[in-house]
Amino acid sequence: MKTLLRTLTASHSSYASFALRLPVGVIFMAHGGQKLFGWFGGYGLDGTAGFMASIGLAPGLLMALLAGCSEFVGGLFILLGLLTRPAASVLAITMLVAIFAVHLSHGLFMSNNGYEFALALLAASASLVISGSGKLALDNHLANRFA
């Protein structure tokens, strides 16, 4: 178990990952908050569930809950630098689903509901999976504790 935690939390990155974590964590938390709680003009869990079901992601309520929780909790973990690699992995998968289920048919650009923003978040998530949390992260505390 210690070896697994060490592997998941180890990071040899500098402040670059920290600079990436902050905005990406906030963005994911905001989008998760829209889906779960209706914050920031979102539709909340019921509205998101209806949308998910309408595009064939059923059961809609479960899919909305999974997407909302992965974005909100995953974003929080990214922001804190806590279990960054697993959180970023879940978020990368969430973005792949968003790209293929919602945005791909609309082309690249956001102005047409395209996949460019989800692709940017996918790239940021993949970067954090590779680099880890970097400096100023709770992962560093965990890695030192289990070293």
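The residues of the chain are indexed from 1 along the displayed sequence. The shown structure was predicted, so the numbers you read here are calculated from the model rather than taken from an experiment.
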For residues [X] and [Y], report the shortest heavy-atom separation together with the two atoms involved.
X      : Y     : result
Glu71  : Lys35 : OE1-NZ, 2.9 Å
Ala87  : Gly74 : CB-O, 4.0 Å
Ala101 : Leu57 : CB-CD1, 4.0 Å

Side-chain heavy atoms nearer than 4.5 Å, only ILVMFWY residues, links allowed to pass through others: does that put [X] and [Y] together?
X      : Y      : result
Leu128 : Ile27  : yes
Leu104 : Val102 : no
Tyr43  : Phe117 : no
Val73  : Leu36  : yes
Leu20  : Leu122 : yes

Rounded to the nearest 0.5 Å, how far does [atom2] of [Y] lie from [atom1] of [X]?
X      : Y      : atom1 : atom2 : answer
Met110 : Tyr115 : CE    : OH    : 14.0 Å
Leu119 : Leu108 : CG    : CG    : 7.5 Å
Ile78  : Met29  : CD1   : CE    : 11.5 Å
Leu82  : Arg21  : CG    : CZ    : 10.0 Å

Original post:
Below 4.5 Å, heavy atoms only, C-beta onward: do Thr84 and Phe77 meet side chain to side chain?
Top reply: no
Original post:
Can any side-chain N or O of Asp139 pair as donor or acceptor with the backbone N or O of Gly132 at less than 3.5 Å?
Top reply: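 Judged by distance alone, no pair lies under 3.5 Å.
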**OP:** Evaluate whether atom CZ of Phe37 has more than 12 neighbouring non-hydrogen atoms of other residues, nucleotides or ligands under 6.0 angstrom away.
**Re:**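 Enclosed.
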Original post:
Which is it for Leu66 and Leu62 under the side-chain contact (heavy atoms from CB on, under 4.5 Å) test, yes or no, and what are the steps along the way?
Top reply: CA-CA 6 Å; Leu66 288 172; Leu62 177 62; 4.0 Å; yes
Subject >> Single hit among Ser133, Ser131, Ser127 for side-chain hydrogen bond (donor to acceptor under 3.5 Å, both in side chains) with Ser17 >> reply: Ser131
Subject >> Partners passing side chain to side chain donor-acceptor pair (under 3.5 Å) against Asn112 (at least two apart in sequence or in another chain) >> reply: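 With neighbours one apart ignored, the set is empty.
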**OP:** With sequence neighbours excluded, tell me which residues meet side chain to side chain donor-acceptor pair (under 3.5 Å) with Ser125.
**Re:**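 Here no residue qualifies.
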Subject >> Apart from Val129 itself, residues in the same hydrophobic cluster as defined by side-chain heavy atoms under 4.5 Å >> reply: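 Same cluster as Val129: nobody, lone residue.
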**OP:** Show which residues join Ile130 in its hydrophobic cluster (side-chain heavy-atom contacts under 4.5 Å, direct or indirect), or state none.
**Re:**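 None, because no other hydrophobic side chain comes under 4.5 Å of this residue.
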**OP:** Carefully, step by step, assess Leu136 and Tyr15 under the rule side-chain contact (heavy atoms from CB on, under 4.5 Å).
**Re:** CA-CA 8 Å; Leu136 302 175; Tyr15 291 100; 4.0 Å; yes
Original post:
Any side-chain hydrogen bond (donor to acceptor under 3.5 Å, both in side chains) pairs touching residues 56-69, not counting sequence neighbours?
Top reply: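 For residues 56-69, and leaving out neighbouring residues, there are no side-chain hydrogen bond (donor to acceptor under 3.5 Å, both in side chains) pairs at all.
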Original post:
Do the two ring centres, one from Phe109 and one from His103, sit under 6.0 Å apart?
Top reply: no
Subject >> Trp39 and Phe72 aromatic ring geometry - parallel, tilted or perpendicular at 30°/60° bounds >> reply: perpendicular
Residues 90-99 side chain polar contacts: donor-acceptor under 3.5 Å, at least two apart:
residue	atom	partner	partner atom	Å
Thr94	OG1	Ser70	OG	3.0
Thr94	OG1	Val90	O	2.9

